[in-house]
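Below: one structure, written as structure tokens.
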Amino acid sequence: MHRTYFTLLLVSSVSATFLSAESTVDCRVITGKTDECNLYSSRLIKAKEVTYDTDKQKLIVTKTLPVPGKKPKMKVVSVADMIEKYVKVEPSMRYRGSEDISGTATESKQVYMQGAALRRQREKIIAQTGMEKKKQALKRLEALNLAKAAEEKKRNQGFYTISRGDTLSTIAAKYGLKTKELRALNQLDKTAKIKVGSKLLLPFPQEMINAVATGEYKVQSDDTLISIARKFNLEPRLVAKFNDIKSTAIIRVGKIVQLPFAYRLKAMEAKKKAEAAKKKRAKSLARHKKARLIRRFGKHKLRVTATAYTSHGSQTDKTPFLAAWNNRIHPGMKVIAVSRDLLTRYGLRNGSKVKIAGLSGFYRVRDKMNKRFRKRVDIYMGLNRRRALRWGRRSVIIYW
């Protein structure tokens with residue numbers, strides 16, 4: 001089947017005369033014999049491309065243009081309104097004389113000039129009033145800002161009470177400031193002296209100043225160990241260790257938390273060192289005192305082997321409470337028996353007073369040992385066999 005294609009542009013317009021329904025057809029179906037169509041079609045107003053079929057004598061629309069949007073409604077203005085709004089109507093001057101015309105013009109000019117002057121004066125007064133109001137508003141705003149700044153500054157400032165041993169440098173170091181800043185804040189010169197009990201202004205809230213000064217913080221609501229550590233620029237782990245608690249522990253409101261500030265750690269370290277030095281000095285002093293006491297007693301000293309014995313039958317003869325030279329002994333007496341070489345060679349005698357290193361008090365020589373022993377002493381332990389066994393055999397120095 002052979003087809004011929006061509007382009008046809010149909011433009012519909014609103015006509016004053018309406019066709020009857022019998023002589024018009026829908027624009028969607030247009031035949032070759034139809035020269036008009038329904039102007040109020042629901043879909044077609046403009047057709048851009050139309051295909052003509054020779055066999056069926058019929059135009060087929062293949063492409064349509066979009067329906068144009070509605071135009072805005074125009075406002076209808078009457079002629080009287082136009083004249084009243086835009087046309088200036090002046091009284092007719094046809095029957096007026098030249099004098100009246102000039103006088104009226106002069107009077108009109110004067111009235112216009114007066115009106116213009118009044119308008120300028122009014123505008124000037126309005127401008128001046130506006131400027132004054134603006135200045136007053138700016139002054140009020142500035143005063144309000146200054147009051148807020150003063151209140152904020154007051155809230156973020158506090159006082160530190162100077163205690164014994166404080167200096168400007170130590171106070172500044174304690175709060176992380178420079179001495180120059182502290183002087184400038186309190187208006188002090190380099191030669192100024194601070195007194196115990198006086199107060200220094202610091203750029204911190206009073207609560208923080210008190211906490212840093214005492215090294216203690218009272219837990220408030222919503223406080224945690226981490227928030228407290230961050231508030232004072234400390235490590236949470238160090239705070240937990242300093243208070244001997246876990247870093248994840250929940251702390252109750254009102255609890256006193258010890259803060260490990262650098263000055264506190266330094267003071268604690270110095271105190272530990274001082275206590276250790278004091279103990280060491282006391283121990284050394286006691287040792288030297290003991291040595292002096294020993295050195296003061298007697299002119300001789302000798303290292304010997306010291307054993308212990310008791311008044312039991314297994315360690316003595318049939319007379320356990322009778323020593324050499326017929327000396328009678330009894331438990332509680334500080335008595336020693338010495339080897340015979342100490343008597344003949346080193347000058348010890350019956351009743352000699354002897355100091356034994358490591359034992360308190362003085363011992364008397366009241367007994368002598370078997371001939372086979374050399375450089376030896378036997379310490380009398382009364383009837384306390386357990387004590388004698390615990391002593392055993394030791395190397396000691398004796399002085400006499």
Side-chain angles (χ1 to χ4, degrees), residues 241-242 244 264-400:
K241 184 179 179 181
F242 197 72
D244 195 21
R264 290 197 72 189
L265 296 176
K266 188 176 180 181
M268 291 178 67
E269 189 67 23
K271 186 177 180 181
K272 286 182 180 179
K273 288 183 178 179
E275 289 178 355
K278 186 177 180 180
K279 287 181 180 179
K280 186 177 180 180
R281 189 166 54 251
K283 189 175 180 180
S284 177
L285 186 63
R287 187 171 59 250
H288 286 301
K289 185 177 180 181
K290 187 176 180 180
R292 284 198 304 270
L293 289 173
I294 291 173
R295 283 195 298 269
R296 287 176 186 172
F297 176 75
K299 298 179 180 180
H300 310 282
K301 72 175 183 177
L302 182 66
R303 180 171 290 277
V304 297
T305 301
T307 56
Y309 75 101
T310 61
S311 294
H312 288 88
S314 60
Q315 296 183 352
T316 60
D317 53 13
K318 295 179 180 180
T319 57
F321 296 101
L322 188 64
W325 305 294
N326 292 322
N327 293 317
R328 185 163 295 277
I329 60 176
H330 56 83
M333 293 180 63
K334 290 188 175 182
V335 174
I336 61 172
V338 297
S339 58
R340 297 179 186 247
D341 60 333
L342 297 181
L343 297 173
T344 58
R345 184 174 177 181
Y346 294 99
L348 286 173
R349 297 287 184 268
N350 178 23
S352 296
K353 193 176 181 180
V354 176
K355 175 69 178 177
I356 301 174
L359 296 177
S360 61
F362 297 94
Y363 289 80
R364 293 281 182 176
V365 177
R366 293 299 184 187
D367 203 350
K368 53 187 175 181
M369 302 176 69
N370 195 286
K371 296 179 180 179
R372 68 177 184 273
F373 296 115
R374 295 286 184 271
K375 288 185 179 180
R376 188 157 173 178
V377 296
D378 214 1
I379 303 171
Y380 179 62
M381 299 288 182
L383 297 175
N384 196 338
R385 185 179 295 176
R386 183 185 297 272
R387 182 185 174 195
L389 291 174
R390 190 166 56 246
W391 175 268
R393 184 192 297 265
R394 302 183 187 184
S395 176
V396 297
I397 298 175
I398 61 172
Y399 302 86
W400 72 95

Exercise for review: Check step by step if side-chain contact (heavy atoms from CB on, under 4.5 Å) holds for Thr310 and Leu383.
Suggested key: CA-CA 5 Å; Thr310 61; Leu383 297 175; 5.7 Å; no
Mark yes when over 12 heavy atoms from residues, nucleotides or ligands other than [X] sit less than 6.0 Å from its [atom1]; otherwise mark no.
| X | atom1 | value |
| --- | --- | --- |
| Arg374 | CZ | yes |
| Met333 | CE | yes |
| Asp244 | CG | no |

Exercise for review: Measure from NZ or CZ of Lys301 to the centre of the six-membered ring of Tyr399, then state whether that distance is under 6.0 Å and the direction lies within 45° of the axis.
Suggested key: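 Pair Lys301/Tyr399 does not count as cation-pi.
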Revision key, fill the gap. Here the pair of heavy atoms bringing Leu343 nearest to Leu348 is CD2-O, 3.1 Å
**Study point:** Arg390 to Arg394 - nearest heavy-atom pair and separation
**Key:**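 Heavy-atom minimum between the residues: O-NH2, 3.9 Å.
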Exercise for review: For the residue pair Ser395 and Arg303, confirm or rule out a side-chain donor-acceptor distance under 3.5 Å.
Suggested key: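 Checked: Ser395/Arg303 side chains pair up, N/O donor to acceptor below 3.5 Å.
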Point to revise | Pairwise side-chain hydrogen bond (donor to acceptor under 3.5 Å, both in side chains) hits with a residue in residues 328-349, at least two apart | key: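 Every side-chain hydrogen bond (donor to acceptor under 3.5 Å, both in side chains) pair that includes a residue of residues 328-349, provided the two are not neighbours, is Ser339-Asp341.
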Check your understanding: Do Arg366 and Tyr380 come within less than 4.5 Å of each other through their side chains, counting heavy atoms only?
Key -> no
Point to revise | side-chain contact (heavy atoms from CB on, under 4.5 Å) between Val377 and Tyr363, worked out | key: CA-CA 11 Å; Val377 296; Tyr363 289 80; over 6 Å; no
Exercise for review: Show your working on side-chain contact (heavy atoms from CB on, under 4.5 Å) between Leu342 and Val365 and close with a plain yes or no.
Suggested key: CA-CA 11 Å; Leu342 297 181; Val365 177; over 6 Å; no
